[in-house]
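Chain letters run A, B, ... following the sequence lines, proteins first, then strands; residues in each count from 1.
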Amino acid sequence: MPFEPYDPARIEAKWQARWAAERTNEPDLVRAEHPFYCLMMFPYPSAEGLHVGNVYAFTGADIQGRYQRVRGHQVFEPMGFDAFGIHSENFAMRINTHPMKLIPRNVDNFRRQLRMMGLMLDWSHEVLTPDPDYYKWTQWIFLQLHKHGLAYRKKAPVNWCPGCHTVISNEQVIGGMCERHPGTAVEKKNLEQWFFRITAYAQRLLDNLDWIDWSEVTKTAQRNWIGRSEGAEVDFKLEGRDDTLRVYTTRPDTLYGATYMVMAPEHPLVAELASPAQREAVRAYCEAACRLKDADRVDAAREKTGVPLGANAINPATGRPIPIWISDYVLIEYGTGAIMAVPAHDQRDFEFASRFGLPIIQVIRPDDGVAAGANTREAAGDGTDDAAGAGTNAAAGASSAAGGDSFSPGDGASPQGGGSTSVAATTSLTEAYVGEGRMIHSGPYDGMPSLECLKEITRDLEARGLAKGTVQYRLRDWCISRQRYWGPPIPMIHCAKCGVVPVPEEQLPVRLPEIEDFRPDTPGGKPLQRHKPFHETTCPACGGPAHRDTDVSDNFLDSAWYFLRYPSARDAARPWDPALTRKWLPVDMYVGGNEHAVLHLMYTRFLCMAFKDMGLIDFEEPFRKFRAHGLLIKEGAKMSKTHGNVVNPDDHVARYGADTLRMYLVFLGPYSEGGDFRDSGIVGIRRFLDRIHRLYADVLGGAPGGSAAEARDGGAVPPGDGDGRAPRRGPLEKPTAIKLHQTIKKVGEDIESFSYNTAIAALMELLTEMRSAPALDDFSLEAFVKLLAPFAPHEAEELWEMLGRGGCVFDGGWPAYDPALTLLDEVEIAVQVLGKLRGTVRVARDAAQDAVRAAAVADEGVARHLEEKTIVKVIYVPNRLVNFVVRP
RNA sequence: GCGAGAGUGGCGGAACUGGUAGACGCGCUGGAUUUAGGAUCCAGUGAUGGAGACAUCGUGGGGGUUCGAAUCCCCCCUCUCGCACCA
């Protein structure tokens, strides 16, 4: 045989060498006419090597890139390494090797593996975040943000991870634990840190989500993280004082039900408001609250705690005094750090009030017709009348507060100002009613729908100067200081005389010194602080002695702009070349994991908006399209070292070939959902590639034989031209042509919708059809190779060469399908009687109903079910089915 | 608790806008070829009953809408992911 059998080891090495030698994957960035920027999330180069999860992510992106390339785009698919950061540093500490020594070794291994996978990567634009040529610009970005007031320093309670020995951002805290140390609770420390003012862009970050073409899951995660809420800030007058206590609420409509106030223990007014009798209890409580770890404080299941301040505020709606408490369920960071508590309509307030016997006044009644499932026991009964009816008195509950629990109420803490009121309290509530309804016990607003009341009452309060409608966001500013070694030093200088002074741009980069002991836990301060030659410097403003900032910036800053650098990776004079940037950005397609939805992807968007506003770029959204891939699991379980079920790509490539591994990974399931990797299934893909190769070898080699051909004379009719039992080269028969054109259409559509699994299934069907065809023409042989190319690039190149075509299959153009040939001439139609399948008939496509009906009733199986029945109705769906509705 | 998504053969998964459920692959069964095969090829493979043609059942559970429901509506259960005392 003139062609050798399928041998991925040989074929893949051959084409990888040729792509490198001919710079096949390095588009001319300056001259490209149809640029397509295909981006994948660059990896952190771990010592373990490329994880199969990375391979999955990259393959899915590479398929997009290669598909666009065949379609005629110049595709730029760069790669780099996110080698700065705590992750690398911790590993270096563990094996006691300096990260500067470690990184090159790991990166080399990653490059080898990435080449091995046949990704269409342009290695001439690689970026490496710890390279001074790169982090010089990371520092430059810090300076730009600083210049524009978006980087600032503040003392604030920040998240300190004792495992990392550094501060981490809100986004890196998961349920009070460090994302890197799942067993380690994050502590709150009051430290002076650098922040980026991402909150200034909260609304824009939210608004743009309406139009950017991103995976919906990712957009939802971002919306939740930004957490916009509309409400009002309301001022409550303090009893016996001239000033007020300001709260934030989203439910001004429940104002009449506000029976007490709660301040966060950290609230600045706490010490001042505490009555002499309560001062000691309050101080003790605040101290305990500060010691509480975030993980404990955040636990919603924990019983509510608190102490009364011994002071009252005046409810502006009722004019009555209500007591002020402090409790750690109110957070100082959100809103104004104080709330009005409406126990009847807020579950947390309800729990607190129940525990401490505070009055609960219902002010919204579920609308009539709202199901009894609404959570009041008296939903029905209360409907009979509203005001006088539920005349239970709150005082009973209130008084029990005093003796009850672990605090001593002291003097004036008696709630609700002495029980003289006859306000109805609905003691029958078993939990807070948070829904809408009609107002009750709300003076002039009684009877009004609560939604209307919300607007009305806000307006009225605004008119009286007591409130202001406001918008709040959950999003906090981005803390970027890290008390570690392995990152870009923050380019700031602290001078006793001049204060905090930026390093002049021409002095960048501020080089990270190579120091022996880089561990963060060595006594004597942070690594950079201990290193005198770095720490001690002169002030750029006054020339006097000064100190460098000894923190490094967050790893997420490195990765928040790398895609801007790629096209200009070799530009020493500026972070990005304006012309190249205009041509290639925003990124056309970005593919990556959704675990970065609120970290990397949010920071990146923020930086882009800031750059746009500074006039540095002319777009504000970095990625035209973003698609999140799903999670790859192994036999139903998460892949992890502890499970010992990590799939090593090297093994599978050695055994089956890179093309097989690539295809198998995306064949496992829908790309956006991930897949379950089972070793047992991969042979199916390998067989598929074997069969493809054999078919082409047989057809093009002209040599008969091969087992495919041998089997055919066992059963089916042999094509008959001499000994050639494989398809010969010749005109395509119509059924094969139809299958071919249907597949061309389907594969293109499926790739665009990331349905790689069904695209591959379609290719398998087409192969079966082609193998049994008597003859195959050049168009079909070429088209199949092109359809295969995005998935199995090495084999596609090999087949292209076997076909005798010059050049590269990726420059060959995507085959066009003939719409007329995607439709069958004859279709099979389902025949139902009363919705049950009773037979099928073959008729011409688009046949008229009468003809189909005639054919259907002629069918024996159908006729049996129509006997002695009257046909009352016939439903006909052209080319699909006919359904007889009958009566006995 | 809130938000998003998902429950389909022995397994991974298909199914356009409500129109023949189970494409494709793994596995399994039978056959061909073979010295042999864990190679290759062909055929079969949801369950139950039946020799059979066929029939009945069948997409997490229960109701409903419809000539017709995996798909739409209501209730419930389970799983995954995200957020989680954000007022």
Side-chain angles (χ1 to χ4, degrees), chain A residues 174-176 216-221 223-225 227 229 231 247-251 254 262 297-302 304 327-331 333-336 338-342 346-349 351-352 472-476 594-595 597-598 630-631 633 635-636 664 667-670 672-685 687-688 690-691 694 706-716 749 755 757-758 760-765 768 771 828-840 860-861 864 872-877 879-886:
Chain A
I174 295 164
E216 219 39 61
V217 270
T218 312
K219 296 209 275 187
T220 306
R223 281 194 188 99
N224 290 342
W225 190 259
S229 81
V247 302
Y248 173 72
T249 178
T250 54
R251 297 292 303 272
T254 62
V262 187
R297 180 161 172 176
V298 129
D299 179 11
R302 192 173 54 106
K304 300 262 181 294
S327 172
D328 59 17
Y329 84 91
V330 172
L331 307 176
E333 307 98 54
Y334 188 77
T336 61
I339 61 158
M340 64 177 211
V342 185
D346 180 283
Q347 188 56 27
R348 294 153 303 183
D349 299 343
E351 284 164 20
F352 191 84
Q472 286 284 332
Y473 302 92
R474 214 193 70 119
L475 185 72
R476 308 283 153 78
N594 212 35
E595 66 272 18
V598 297
L631 193 71
I633 57 172
E635 266 129 41
Y664 183 55
F667 183 64
L668 291 170
S672 62
E673 316 263 303
D676 191 352
F677 192 99
R678 284 165 196 261
D679 292 328
S680 58
I682 195 169
V683 296
I685 297 289
R687 284 178 197 152
F688 174 56
D690 277 326
R691 282 194 274 260
R694 212 177 312 124
S707 29
E710 281 162 27
R712 198 164 292 114
D713 58 8
E749 288 167 356
S755 307
N757 54 335
T758 51
I760 292 170
L763 285 172
M764 289 171 167
E765 288 185 55
T768 304
R771 288 205 309 159
E828 195 179 55
I829 288 191
V831 183
Q832 297 181 338
V833 178
L834 281 175
K836 287 191 189 231
L837 183 70
R838 298 301 181 188
T840 59
E860 207 181 312
R864 193 155 11 117
V872 294
K873 196 172 168 190
V874 180
I875 284 131
Y876 175 59
V877 183
N879 302 321
R880 284 256 166 211
L881 67 60
V882 56
N883 184 13
F884 294 102
V885 184
V886 296

*Could you check how far CG of D679(A) sits from P of rG27(B), rounded to whole Å?*
12 Å
*Should I339(A) and D349(A) count as side-chain neighbours, where that means a heavy-atom distance under 4.5 Å?*
yes
*Once you round it to whole Å, what is the distance between P of rA87(B) and CD of E333(A)?*
13 Å
*Could you work out which one of rC85(B), rA84(B), rU20(B) sits closest to the side chain of W225(A)?*
rA84(B)
*Measure the distance from OH on Y248(A) to C1' on rC85(B) and round it to the nearest whole Å.*
16 Å
*Would you mind pulling out the nucleotide paired to rG19(B), Watson-Crick or G-U wobble, both distances under 3.5 Å?*
rC67(B)
_If the cut-off is 4.0 Å, is K836(A) near the phosphate of rG58(B), judged by side-chain N/O to OP1 or OP2?_
no
*Mapping L881(A) and E673(A) to their closest nucleotides on RNA chain B, which lands nearer the 5' end?*
E673(A)
*Below 4.0 angstrom from OP1 or OP2 of rC2(B), is there any side-chain N or O of N224(A)?*
no
*Indicate the atoms forming the closest heavy-atom contact of N883(A) with L834(A), along with that distance.*
OD1-N, 3.4 Å
_Length of the line joining L631(A):CG and rA4(B):P, which is rounded to integer Å_ = 21 Å
*asked:* From OH of Y664(A) over to C1' of rG12(B), roughly how many Å is that when rounded to an integer?
replied: 7 Å
*With a 4.0 Å cut-off on heavy atoms, is R678(A) in touch with a base, just the backbone sugar-phosphate, or nothing at all?*
sugar-phosphate
*Counting only Watson-Crick or G-U wobble pairs whose two distances fall under 3.5 Å, which nucleotide matches rC57(B)?*
rG46(B)
*If you look at every strand shown and take non-hydrogen atoms under 4.0 Å, does S327(A) touch a base, only sugar-phosphate, or nothing?*
nothing
*asked:* In whole Å, I'd like the distance from the CD atom of E216(A) to the P atom of rG5(B).
replied: 9 Å
_Quick one: does any side-chain atom of Y664(A) pair with a main-chain N or O of R678(A) as donor and acceptor, under 3.5 Å?_
yes
*How far, in whole Å, is rU17(B) from rG68(B) if one measures between their C1' atoms?*
15 Å
*Round to the nearest Å and state the distance from N879(A) atom CG to rU20(B) atom C1'.*
14 Å
_Nucleotide of rU40(B), rA4(B), rC24(B) approaching R694(A) most closely (side-chain heavy atoms)_ = rU40(B)
*Take the protein atom CZ of R687(A) and the nucleotide atom C1' of rG37(B), then report the distance between them rounded to whole Å.*
13 Å
*Tell me whether the OP1 or OP2 atom of rG3(B) has a side-chain N or O from R223(A) closer than 4.0 Å.*
no
*Which nucleotide sits closest to the side chain of M764(A): rG25(B), rA87(B), rC26(B)?*
rG25(B)
*For R691(A) and rC41(B), is the shortest distance between a side-chain N/O and OP1 or OP2 below 4.0 Å?*
yes
*From rA87(B), rC26(B), rA84(B), pick the nucleotide closest to the side chain of S229(A)?*
rA87(B)
*Nearest heavy atoms of L837(A) and A830(A), plus distance in Å*: CD1-CB, 3.7 Å
*Could you check which nucleotide pairs with rA39(B) in any of the strands shown, counting Watson-Crick or G-U wobble with both distances under 3.5 Å?*
none
_Over all strands shown, is E828(A) touching base, sugar-phosphate only, or nothing at heavy-atom distances under 4.0 angstrom?_
base
*Heavy atoms under 4.0 Å, any strand shown: does V831(A) hit a base, just sugar-phosphate, or nothing?*
nothing
*Out of rC54(B), rG12(B), rA23(B), whichever nucleotide has its closest atom nearest the side chain of R864(A)*: rC54(B)
*Can you find a donor-acceptor N/O pair under 3.5 angstrom joining the side chain of R771(A) to the base of rC41(B)?*
no
*Any strand is fair game: report the nucleotide pairing with rG12(B) by Watson-Crick or G-U wobble, both distances under 3.5 Å, or none.*
rC24(B)
*Of all the heavy-atom pairs spanning S229(A) and T250(A), show the shortest one and how long it is.*
OG-CG2, 3.8 Å
*Please tell me which of the listed nucleotides, rU20(B), rG12(B), rA23(B), lies nearest to the side chain of A761(A)?*
rA23(B)
_Letter per nucleotide, 5' to 3', of nucleotides 63-71 of chain B [B base touched, S only sugar-phosphate touched, - untouched; heavy atoms, 4.0 Å]_ = ----B----
*Quick one: label T840(A) by what it contacts on the DNA or RNA (base, sugar-phosphate, nothing), any heavy atom closer than 4.0 Å.*
base
*Any strand is fair game: report the nucleotide pairing with rA84(B) by Watson-Crick or G-U wobble, both distances under 3.5 Å, or none.*
none
*Sugar-phosphate only, base, or nothing, as touched by R476(A) at under 4.0 Å among non-hydrogen atoms*: base
*Looking at rC41(B), rA84(B), rA4(B), which one has an atom nearest to any side-chain atom of V217(A)?*
rA4(B)
*Within the pair T758(A) and rC24(B), is there a side-chain N or O less than 4.0 Å away from OP1 or OP2?*
no
*Would you mind telling me which residue lines up with the more 5' stretch of RNA chain B, I685(A) or P670(A), judged by nearest nucleotide?*
P670(A)
*Is NZ or CZ of K304(A) both nearer than 6.0 Å to the six-membered ring centre of Y329(A) and within 45° of the ring axis?*
yes
_Partner nucleotide, any strand, of rA51(B) [Watson-Crick/G-U, under 3.5 Å]_ = none
